[in-house]
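Below is one structure, written out as structure tokens; comments come after it.
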Amino acid sequence: MNSKRAIAQLLKHLSGVGVTHVPRVEFPKTPIQKTEAASRGSGVSVAAGGVAAKDVTKAGRKSPKAATTVPELRRPTSGLRSVEELQVTDANRPEALAEVQELLKRELNDSRHKQEALCSLAAVVAKCRRCNELATTRKQTVFGVGDPNARIMFIGEAPGADEDSQGEPFVGEAGQLLNKIVAACHLRREDIYICNILCCRPPGNRNPLPQEASNCREYLDAQIQIVQPEYIICWGAVAAQNLLNETRAVGKLRRQFFTHNGAKVMCTYHPSYLLRNPSAKKEVWEDLKFFMLDLGVELQ
Ligand code: URA
């Protein structure tokens, strides 16, 4: 299914279930940026011995001996850093939904259109009450953040307490570890699009219920349709099993590529699991080396 059709279907569904107000959005005028890598061409140079395979949490702190450049990890026209940067106004104008529907009829290849589509979707998600318990207990919804034009998407499980408070995925302890893993891979968090299976925190951080994952699936699918990542990394069993409709454990799914909507999907252990089982860091590091090699970067 193409992105226009997916978004049109989503909007049709939303209006069918009674969503009649979608905010008008205005966008910061962010200059088009070129990544260092994109402006230098596609050369790959990863510091020799820059990353210790033994401990990914330490690896991020090592300073590479040579400059490290990972090629074109962002498509070169990006502006949005986080949903918070967007100024969502006029949420209750009756004509807003029709305006958004018009907007989403356009091609979503352009980074600005992707930003607009994500912002409109985030505003719809913010009002979602499909899961009664989650809508009652959440502080706020936690929509995806990052580059709308990213080549790499990370999918986690669901917001925890810190994410629920701050409104951004992976900002708590697991997020700090994820940041170190990202740095160890010579990637930049802001070049990746990061989201979750659920946009709301399950009370007490319990696992998402199947019905909750199913209720939220449309929002995840729409984010995938809009961003059109080339690679998806599923962090943990909830992400892997839900995205891929799998029942096997992560241990059986990791370090191989699946395909989903044209993206190559790799599964690995969740950073929260690594916090409880630090010995599994070496497996995650092997998975990430496998993943980065496919991107054309050989990590040590
Ligand atoms: N764990 C997740 O899976 N997602 C988050 O956003 C935070 C912790």
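For the single chain, residues carry numbers from 1 onward in sequence order. Here the structure is a predicted model, which is why all the values come from computation and not from measurement.
- A salt bridge does not link Arg217 with Glu212: none of the charged nitrogens is closer than 4.0 Å to a carboxylate oxygen.
- The closest side-chain heavy-atom distance from Ile181 to Leu187 is not below 4.5 Å.
- A donor-acceptor distance shorter than 3.5 angstrom exists from the side chain of Asp147 to the backbone of Asn149, with no hydrogens or angles considered.
- Checked against the 6.0 Å centroid threshold, Phe143 and Tyr219 do not count as a close aromatic pair.
- Minimum interatomic distance between Cys267 and Leu244 (heavy atoms only, all atoms of both residues): SG-CD1, 3.7 Å.
- In this structure the side chain of Val265 reaches within 4.5 angstrom of the side chain of Cys234, judged on heavy atoms.
- Within 6.0 Å of the CD atom in Gln256, the count of heavy atoms belonging to other residues, nucleotides or ligands exceeds 12.
- Ion pair Arg206/Glu133 flagged as a salt bridge, since at least one NZ, NE, NH1 or NH2 atom sits closer than 4.0 Å to an Asp/Glu carboxylate oxygen.
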Candidate pair Tyr193 and Gln223, rule side chain to side chain donor-acceptor pair (under 3.5 Å), full reasoning: CA-CA 9 Å; Tyr193 187 86; Gln223 288 174 87; 2.7 Å; yes

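- The distance from atom CG of Leu274 to atom NZ of Lys281, rounded to the nearest 0.5 Å, is 7.0 Å.
- For the atom pair CZ (Arg138) and CZ (Arg201), the distance works out to 14.0 Å, reported to the nearest 0.5 Å.
- In this structure, the ring of Tyr231 has its center no less than 6.0 angstrom from the ring center of His260.
- Side-chain atoms of Gln166 never come within 3.5 Å of backbone atoms of Glu163 as a donor-acceptor pair (strictly under, hydrogens ignored).
- At a threshold of 4.5 Å between side-chain heavy atoms, the hydrophobic network of Ile, Leu, Val, Met, Phe, Trp and Tyr places Leu275 and Val250 in one connected group.
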Worked check of side chain to side chain contact (heavy atoms under 4.5 Å, CB included) between Cys185 and Trp285: CA-CA 9 Å; Cys185 291; Trp285 186 239; 4.0 Å; yes

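- At least one donor-acceptor pair under 3.5 Å links the side chain of Asn277 to the backbone N or O of Tyr273.
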Asp221 and Gln225: CA distance, side-chain angles, deciding distance, side chain to side chain donor-acceptor pair (under 3.5 Å) verdict: CA-CA 6 Å; Asp221 285 343; Gln225 292 285 351; over 6 Å; no

Derivation and outcome, side chain to side chain contact (heavy atoms under 4.5 Å, CB included), residues Ile224 and Met153: CA-CA 8 Å; Ile224 296 170; Met153 176 180 278; 3.7 Å; yes

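- Here Asp287 pairs with Arg254, Arg255 under the salt bridge (charged side-chain N to carboxylate O under 4.0 Å, His left out) rule; sequence neighbours left out.
- Criterion: ILVMFWY side-chain heavy atoms under 4.5 Å apart, direct or through other members. Under it, Ile192 and Leu295 are part of a common hydrophobic cluster.
- Atom SG of residue Cys195 and atom CD1 of residue Ile232 lie 8.0 Å apart, to the nearest 0.5 angstrom.
- The nearest pair of heavy atoms linking Leu243 to Ile197 is N-CD1, 4.4 Å.
- Residues His186 and Leu299 are in side-chain contact: their nearest non-hydrogen atoms beyond the backbone lie under 4.5 Å apart.
- Pro148 places none of its side-chain heavy atoms less than 4.5 Å from the side chain of Ile226.
- Cluster membership check: Met292 shares its hydrophobic cluster with Met266, using side-chain heavy-atom separations under 4.5 Å among Ile, Leu, Val, Met, Phe, Trp and Tyr.
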From CA spacing to verdict: side chain to side chain contact (heavy atoms under 4.5 Å, CB included), Glu286, Lys289: CA-CA 5 Å; Glu286 289 306 317; Lys289 285 203 294 188; 3.6 Å; yes

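- Shortest non-hydrogen contact noted between Ala126 and Thr141 is CA-OG1, 3.3 Å.
- Linking ILVMFWY residues whenever their side-chain heavy atoms come closer than 4.5 Å, directly or via other members, places Phe257 and Ile152 in the same cluster.
- Cys131 places none of its side-chain heavy atoms less than 4.5 Å from the side chain of Gln211.
- When every heavy atom of Gln140 is checked against every heavy atom of Asp164, the shortest pair comes out as NE2-O, 3.0 Å.
- In the hydrophobic cluster analysis, where Ile, Leu, Val, Met, Phe, Trp and Tyr join through side-chain heavy atoms closer than 4.5 angstrom, Val227 is grouped apart from Val142.
- Taking CZ of Arg129 as the start and OG1 of Thr136 as the end, the distance is 5.5 Å to the nearest 0.5 Å.
- The two residues Asn196 and Ala158 have their closest heavy-atom pair at OD1-N, 3.6 Å.
- Aromatic pair Trp235/Phe154: ring centres closer than 6.0 Å.
- Residues Val145 and Phe170 form no side-chain contact, since every pair of their non-hydrogen atoms from C-beta on lies 4.5 Å or further apart.
- Between Arg130 and Glu218 there is a salt bridge, since a side-chain N of the basic residue sits under 4.0 Å from a carboxylate O of the acidic one.
- Side chain of Ser120 to main chain of Glu116: a donor-acceptor pair is present (N/O by atom type, distance under 3.5 Å, no hydrogens or angles).
- Taking a cutoff of 4.0 Å between a charged side-chain nitrogen and a carboxylate oxygen, Lys264 and Asp294 qualify as a salt bridge.
- Side-chain atoms of Glu157 do not come within 3.5 Å of backbone N or O of Pro208 as any donor-acceptor pair.
- Nearest heavy atoms, Ala174 versus His270: CB-CE1, 4.3 Å.
- The distance from the OG1 atom of Thr268 to the CG atom of Leu253 is 10.5 Å, given to the nearest 0.5 Å.
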